[in-house]
Amino acid sequence: MIAQLGEDAKLLAGGQSLIPLMKLRFANPKHLVDLNFVPGVSYIKERQGSLCFGALTRHADIEHSQIAAKVAIIHDCAAGIADVQVRNRGTIGGSIAEADPSGDWAVVLSTLQTTVRCLGRKGERTIPLDEFISDAYTTALSKDELVSEITVRVPGKNSGGAYIAFKRSAPVYPSASAAVQLVLEGDNCKDAHISLGCVGLTAVRAKDAEGALRGQNINEKTAEQAAEAARAAADPQPDMRGSADYKRALVASLVKRAIHVAARRARGEQVEMSHIYA
Ligand SMILES: Cc1cc2nc3c(=O)[nH]c(=O)nc-3n(C[C@H](O)[C@H](O)[C@H](O)COP(=O)(O)OP(=O)(O)OC[C@H]3O[C@@H](n4cnc5c(N)ncnc54)[C@H](O)[C@@H]3O)c2cc1C
């Protein structure tokens, strides 16, 4: 249908980004193609060491899923998006396709091995997440393609992650956020992936911050060094959520907190965590 209707048509998933944009008259599609009537597109499955999410899977389904809880950082993300109403309608596929620079999913999923399955008239293709989102609100999807599934490799033993966003209240996007995924070897950090949210046009991968942890003992000093490197990697815009300097300081402090929680989880501790509300 989307291929037949062309430029004037938009896919509708949870409607939690598209409908507000239509109300504001920023989007004005002539046709809505409602994915909610398509059977079999909402699911959470474990397949060959990966978690697979159907594009129409709601944030709330992921929040309450035992399967998804295997990867703690995924639960952190799903449970913290906006409020219950938004989580009950909004979908993981819609979030990734929207590529909102303030969205939570891309930040978290970019610290994991994530691929996006796309389906179009020419068939299927699978794209790594970091190639799928190329800019703010810009993805590799062609006009007649949709996202059908998001696949995440389950991290191995001695891995742990944490995602923390700072928000002015529940039903708003974060002012800044940090996702940290670690692999430990004894007391040392074997591998680290760190992504920052709301401080760039896409999720910002803080590679120097990761380098500050690799091969090191995770302690106050190394966490502080990684946080400083994250501050330098951030490239925020000033807006109603704060100045650029404020967001740089905020994201550095979120990275530090997330490192400590991720390390405790990698050691096998059950650590409950939620976003921070102003
Ligand atoms: C008050 C409020 C607060 C919010 N706060 C947050 C927040 O804190 N963090 C956060 O991450 N998000 C937040 N959101 C956004 C929410 O997570 C949305 O659910 C999400 O961004 C879009 O998902 P959706 O299913 O609602 O997509 P829709 O709004 O239906 O669609 C969004 C866009 O993606 C396209 N699309 C949808 N599905 C597909 C698909 N399968 N393939 C290709 N294209 C597709 C649509 O055509 C449209 O262009 C908030 C929304 C609201 C209303």
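What you are looking at is a predicted structure, and each value in this text was computed from that prediction instead of being measured. We count ligands from 1, going down the list as the structure has it; atoms in each ligand are counted the same way. The first residue in the sequence is number 1, and the count goes up from there.
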Check the surroundings of atom CD in Glu124: do more than 12 heavy atoms from other residues, nucleotides or ligands lie under 6.0 Å from it?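 Above 12, so yes.
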
Any salt bridge linking Glu228 with Arg231? Criterion: basic side-chain nitrogen under 4.0 Å from a carboxylate oxygen.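 Yes.
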
So, Arg125 and Glu145, do they make that salt bridge, N to O below 4.0 Å?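 Judged by the 4.0 Å cut-off on N to carboxylate O distance, Arg125 and Glu145 do form a salt bridge.
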
Minimum heavy-atom distance between Arg58 and Arg87, given as atom pair plus value: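 Nearest pair, atom of Arg58 first, then Arg87: CB-O, 3.7 Å.
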
For ligand 1, list the protein residues that place a heavy atom within a distance below 4.0 Å of one of its atoms, sorted by chain and number.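 Residues Lys10, Leu11, Leu12, Ala13, Gly14, Gly15, Gln16, Ser17, Leu18, Leu35, Ala55, His59, Ile81, Ala82, Val86, Gly90, Thr91, Gly94, Ser95, Ala97, Glu98, Gly103, Asp104, Leu141, Leu146, Val147, Lys167, Pro171, Val172, Tyr173, Pro174 each place a heavy atom under 4.0 Å from ligand 1, listed by chain and number.
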
Is any side-chain heavy atom of Ser102 closer than 4.5 Å to one of Arg241?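 Yes - at least one pair of side-chain heavy atoms lies under 4.5 Å apart.
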
Mind jotting down which residue pairs meet the ring pair (Phe, Tyr, Trp, His ring centres under 6.0 Å) criterion with at least one end in residues 246-278? Sequence neighbours excluded, please.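 Listed once each, the pairs are Tyr163-His275.
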
